[in-house]
Structure formats: C-alpha cells, structure tokens
Amino acid sequence: MTKEIILNAFEMTSAMHNSHGLWKHPKSERHRQYKDLDYWIDLAKLLEKGKFDAVFFADVLGIYDVYQKSKAPSIRDGLQVPLNDPALLVSAMASVTKHLAFAVTVSTTYEAPFGNARRFSTLDHLTKGRVAWNVVTSYLPNAARNFGLEDMIKHDERYDIADEYLDVSYKLWEQSWEDNAVVEDVENETLVDPEKVHEINHKGHYFKVEGPHLSEPSLQRTPVIYQAGTSEKGREFAAKHAECIFVGGPTPQRIRYYADDIRERAAKHGRNPENLKIISFLSVVVAETTEEAEAKFEEYNKVWSADAAKAQYGASGYDIAEYEDADSNEPFEYKKKTEGGHYKAATLTKDAPKKLTVGDVLNRFEAIDRNSYIVGNPKEVADAIQFQFEESGVDGFNLNHLVTPGDLESFVDLVIPELQARGIYKKDYREGTLREKLFPDGNSRLPEDHPGSKFRRK
Ligand SMILES: Cc1cc2nc3c(=O)[nH]c(=O)nc-3n(C[C@H](O)[C@H](O)[C@H](O)COP(=O)(O)O)c2cc1C
C-alpha cells in the first residue's frame, strides 16, 4: 500500500502563532476570534472535512522577552500572547467531530504530573481516545519566573526531569487501575473493587506521588506521545518515549539526517523504529493560479513583522538585538552558551545549508522565508509536498498557517483533493482511537516495545 501523509494543523489558542505581523492583513480573523468557541468549532469541522489527523496545539507559559531584553516587541505584535489554555477547547471541538484528534502541549518543567495525568485521562475519555500529549520542557526564561524560579532549570536537567515525569505518568496511566476495576456489583454493594485500584508510591529524584490515579482507565490509557527536540538530550528523550516526533530542518536531507538518527536511537532502546512517526513542517500559500498565489504571498510579506520574528528567535536564549550593530560581513557565531532550546539556535548555524554572516542572519528576519514556503497552484503545491514527503523520509507534516481561517480553507479545498488523487493522502478516516489510526497494526494501548508498557501489571 502507498504510504499516506499524516497531517496535523499547527495551531495555538492565541491571537498569533508563527505568522508574525499577519494580524494586520485584512483577511486575518484569528486575532479577533481566537477567544470565541465558534471559531474553534468551525475550525474542527473544517479540519475533519479535510481529513486532518489532528489539530496540534502549541503552548507556552510566558512571554518571549529575550529580544531587546523586553516584553514589548512580543506584546506589541501579539507573538503568542494573548494566549488561552488549549486543553479547555478540546471537548467542544470533539463534540462536533468523530475522527479528528487533539494534540495538546504541556510542559514537564512547570506542571505537576499527578494533575496532568488526570487532565489527559479526562480528555481521552471525553474524546473516545483521540488525544495526544506534546511533551515539552519549555524554553522561556519568563515562564521560569512565572513558576517561582529565578532562572530556568538547565537545558539538560529539564530533560532528566521530563524522563522521570514520564515514568510517574506511565505508573498512573498504566499501572494504577486494573482494567476490570469497575465492577458495578450491586449485590456486594461495590461499584469499584478496592483490590484492583493501586497506589503507585513513586519516590524518585524529582517527584513523590502516592496515587492511586483518580481517573479510571481510558481507551488509550497513555495518550499518544508527541515530542520535538533537536538537541542530543532532546533526541534521546524522543527516541525513548515519543510516538510522533517533530523534526525541522532547512532541507529534506537535513530532516532525513535527524529522522534516521532518532530511529537508530529508538532501536537502541529496543523499540521498533516503525513505531515512530516522523513529522516535519509544511508552509503553503495556494491559490487557483500561480500568479494569484504569488500575489497573495507578496501581500502577506508586506505586513510581516521582523521584530516579532526576532522576538520569537529568543526561544534559543540568544538576543538578536546584540548583533544589530556588528559588522554585517562578520561570520555569524554564538558568543556564549544559553539554556534556551537548541532547535532554534541550530537553524542559523549547524542546520544552515551554508555558513551565514551577521548580515545574512539579520536579513532573514526582514521577510517571510521564501525558501521554506511552497507557493503555487494546487498542482504545483502537491508536486512540492510529494517531493518533500518522498525525499525526506518523513511520515507527515505539521501545516503552518499565515492567515487563518482563509489559508486552511484554501488548503482543504484546493490541495487535499490533489493529494488524494495521487493516492498519498487518505480519502477516508480509519476507525478507532488516534493510536489505532496512526499504527494500524497495533491497538489502542501502548505497544509492547514502548517503555511505558513495562509499568503494566502482569
Ligand atoms: C513542531 C514543533 C512544535 C513545538 N511546540 C512547542 C510548544 O508548543 N511549546 C514549547 O514550549 N516548545 C515547543 N517546541 C519546542 C520543543 O519542544 C523544544 O523545546 C525545542 O525544540 C528545543 O528542544 P531542544 O533543545 O532539544 O532542541 C516545538 C518544536 C517544534 C519543532
């Protein structure tokens, strides 16, 4: 059977996400409507019409304030602020869809595992097994200060915490309740058999949790685990725990390098590399004709905000403002180590196809990066997507938006039918939970080779 593209809509419950300055575009609605339930309900219906696998909700717990050592550039342009809690939207969106899944981002650095496990069990029950958890370790210094720390916990230690966090979560989801604990035995006046509900008594380096878990087992028990991390530690974590992994890179070759590396690492953890789905970015501007698509892209470029793009780059821990007075011919190099995310930092150095100068880097922020966009008519866009899919060896994409809902509507109306006609995109959903849809050879629960399954009661 031909491999079919997995497709997620890359979203955030905020005024703006990655489309810097685009709120000024006359067709932008999201910065007004992101706080209305109807906007998200309509989006859920649209995505299910387009047979999207999931809506992927990014999330952060602070404001980007590394650039210019100020929060003002982010706030001024609505860079991921104002921002609401994504988990609270899922029930409403699930109620108008049958198959669309929901990947919700939660940080292992700031939220306690006990409450988080209950949140995901609840969502898994209410959606009938359509949830995933995007596990992040967080990179914003302001988030650390919002949660009572003076400085961020060091990059690598954040992953150590995440590793133990996942063990606690698996104990709550996989071990605490036996499948047949709810007996509803009227004769013996027992709704739940206390012998079948267990404390977990986790006593680790970072967490102490007695249990039992408060929710009874849901269809998937453990939600599908999503993760994105490019650093050594990030890739190691992903290879051990994640089922869907986001890999970015400027060329299909670089993406393939990361994908192969993660699959190799997964094999060393005793996992079947086929049980990992690798997802990369997709950014598209499509219209009926090439000329219309190019004109649309140019219109978008006119309202682009370089300041917001630079502010978002602060996720790396580096302040681009420090380079603004430097000689533009100097090679671009980082002068210190930061505790930010390595993924962003690598885009301008080791992941860049050639060595960049300070001038190249500063220029990059001035406009939408044309190289990372597919712009064209439906056939041209489908050709480029098919090329990326085949060249990079990924299993699917996270579709970025610039102006929503308009860009997503165009994608669903113009591109999806073209991909379906080529046999590289599903015409119908499979039945079952998200895990069953993604891994048709498995079932709703974690596969045997996943580290979470070793916590199951024998
Ligand atoms: C597609 C994608 C989505 C991400 N979503 C989030 C997010 O919602 N919240 C967050 O804090 N980090 C997010 N990240 C960042 C990663 O979780 C991670 O922190 C970052 O890649 C740095 O990790 P590293 O230092 O291991 O490279 C995302 C990254 C990618 C590629």
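Along the sequence shown, residues carry numbers from 1. Ligands are counted one by one from 1 in listed order, and the atoms in each one are counted from 1 as well. Just so you know, these numbers use all the heavy atoms, side chains as well, and skip hydrogens, waters and symmetry mates.
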Write out each pair where an N or O from ligand 1 and one from the protein are under 3.5 Å apart, with the distance.
from, atom 1, to, atom 2, distance (Å)
ligand 1, 8 (O), Asp59, N, 2.8
ligand 1, 8 (O), Asp59, O, 3.4
ligand 1, 8 (O), Thr105, OG1, 3.4
ligand 1, 9 (N), Asp59, O, 2.7
ligand 1, 17 (O), Ala228, O, 3.2
ligand 1, 23 (O), Tyr159, OH, 3.3
ligand 1, 25 (O), His155, NE2, 2.6
ligand 1, 25 (O), His342, N, 2.7
ligand 1, 26 (O), Tyr159, OH, 2.7
ligand 1, 26 (O), Thr230, N, 3.4
ligand 1, 26 (O), Ser231, N, 3.3
ligand 1, 26 (O), Ser231, OG, 2.5
ligand 1, 27 (O), Thr230, N, 2.8
ligand 1, 27 (O), Ser231, N, 3.2
ligand 1, 27 (O), Tyr343, N, 3.0

Flag if over 12 foreign heavy atoms under 6.0 Å of [atom1], [X]:
X: Lys454; atom1: NZ; result: yes
X: Lys128; atom1: NZ; result: no
X: Arg118; atom1: CZ; result: no

Determine whether the side chains of His20 and Gln312 contain a donor N or O and an acceptor N or O closer than 3.5 Å.
->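 There is such a pair between these side chains.
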Got a second to check how far Phe10's CZ is from Asn18's CG, nearest 0.5 Å?
->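 Separation between the atoms: 5.5 Å.
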Min side-chain heavy-atom separation Tyr64-Leu140 under 4.5 Å =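 SC-SC contact between Tyr64 and Leu140 confirmed.
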